[in-house]
Amino acid sequence: MTRGTGSLETILGLVFVVMLGATALSVYQFMAGQPPATASTELLRTYHRLFERLRADCREAATARVTQDALVLTGPRGLHLTYLLRDGALTRQSGADPAQTLLTGLHSGGFVHTDHEPKLVSIWLIPADSFAPPFFTSFALRGGPW
Amino acid sequence: MRCPDLPARGWPRGGTSLFELLLVACLLSLSLAPLFYVVKLSRPPERESEMEFTATLLAHHVLEKILARQHASPDTLPSMTTEEPIVVTPEGFRVVSEYFRPLLGKDLGLEEVDNPKLYWALKPFTCQVDTYYLDDYLYKVIVYIGYEEAGRKKRVFLERLLAHQPPQPILEIGP
């Protein structure tokens with residue numbers, strides 16, 4: 001029988017070490033590979049929260065009224081919700097509750113609601129930081145009769 | 001009678017044969033396949049880029065606009081469109097997507113003079129709508145927002161099912 005240089009036990013031990021090393025490497029990669037949070041990712045997180053809040057409110061709202069810097073949503077039971085853009089900040093106020101600041105550091109922004117599409121509200125926000133992405137999207141008002 | 005190559009218990013002592021080496025190499029190769037997937041799965045998920053987030057917001061805008069239009073006119077269904085810009089291009093020969101007309105009160109689409117920051121933020125994106133008739137009087141709408149990032153063309157899409165009215169039967173009035 002032909003004889004080699006290494007024993008089978010040695011090779012199996014080598015296989016075990018290689019697999020252990022690869023597992024340790026993948027665990028290290030997972031633990032150390034998380035990129036640090038930056039100002040941009042923080043802004044996107046804030047945008048996510050704002051988006052979810054607006055979507056939930058517009059889902060309940062039956063009508064909308066837009067002034068120069070405010071959006072007033074009215075639910076089917078007459079409950080008013082106000083989004084206000086003032087001094088570079090976007091706030092939300094529900095009924096008699098105190099206003100809640102959703103976003104700060106804005107350069108400009110506004111709400112769009114037309115008679116042509118009464119069930120649609122658009123919002124656009126431009127951050128003061130010129131490198132930060134703007135926020136623009138629309139929401140259909142799903143409250144009331146559809 | 002015992003083979004002289006075999007020790008008193010189990011494995012042969014000393015070196016291994018070429019066949020055994022090949023067998024172990026084969027097992028090692030097989031074990032590398034699941035290891036490759038373990039390493040691949042252990043990679044942290046890529047963070048959502050700013051472009052991808054903006055594209056998702058734009059796709060959401062288009063779908064919500066389609067819903068609001070359908071509310072205003074229930075018989076109207078969105079039609080299929082080609083890839084179109086979402087703001088007015090300097091060349092001017094490409095029509096702005098109908099879902100971005102009017103935008104901020106501009107009937108023909110947003111121009112640079114209207115809102116330069118928003119214009120340049122939205123300029124890299126394009127919009128395309130695909131539609132399909134499905135069974136059970138359903139209508140599928142897929143909104144694609146295209147953009148280019150790090151030299152690669154990417155697309156974000158959102159889809160929605162709409163109900164549509166069944167066609168009215170044609171009645172034949174006999175003599």
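Below, chains carry the letters A, B, ... as their sequence lines are ordered, and counting in each starts from 1.
For the pair A:Q93 (side chain) and A:D97 (backbone), a donor-acceptor distance under 3.5 Å is present.
Here B:Y139 and B:Y133 bring their ring centres to under 6.0 angstrom of each other.
Residues of residues 75-85 of chain B never come within less than 4.5 angstrom of chain A, heavy atom to heavy atom.
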Table please: side-chain donor-acceptor pairs of residues 144-152 of chain B below 3.5 Å, with sequence neighbours left out.
{"from": "B:E149", "atom 1": "OE1", "to": "B:S49", "atom 2": "OG", "distance (Å)": "3.4"}
{"from": "B:E149", "atom 1": "OE1", "to": "B:K154", "atom 2": "NZ", "distance (Å)": "3.1"}
{"from": "B:E149", "atom 1": "OE2", "to": "B:S49", "atom 2": "OG", "distance (Å)": "3.0"}

In a table with atom names and distances, give each donor-acceptor pair under 3.5 Å that connects a side chain of residues 48-55 of chain A to protein atoms at least two apart or in another chain.
{"from": "A:H48", "atom 1": "NE2", "to": "B:E48", "atom 2": "OE1", "distance (Å)": "3.0"}
{"from": "A:E52", "atom 1": "OE1", "to": "A:R55", "atom 2": "NH2", "distance (Å)": "3.2"}

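Across B:T54, B:L122, B:N115, the residue that shares the most heavy-atom pairs under 4.5 angstrom with chain A is B:N115.
With a 4.5 Å cut-off on non-hydrogen atoms, B:Y99 does not touch chain A at all. Interface remark: A:F111 contributes no atoms to any contact with chain B (heavy atom separation under 4.5 Å).
The pair B:E98-B:R101 fails the salt-bridge criterion, with no side-chain N (NZ, NE, NH1 or NH2) lying under 4.0 Å from an Asp/Glu carboxylate O. The pair A:R92-A:D57 meets the salt-bridge criterion, with a side-chain N (NZ, NE, NH1 or NH2) lying under 4.0 Å from an Asp/Glu carboxylate O.
Screening residues 126-138 of chain A for side-chain hydrogen bond (donor to acceptor under 3.5 Å, both in side chains), with sequence neighbours left out, gives A:S122-A:S138, A:T137-B:H60, A:S138-B:H61.
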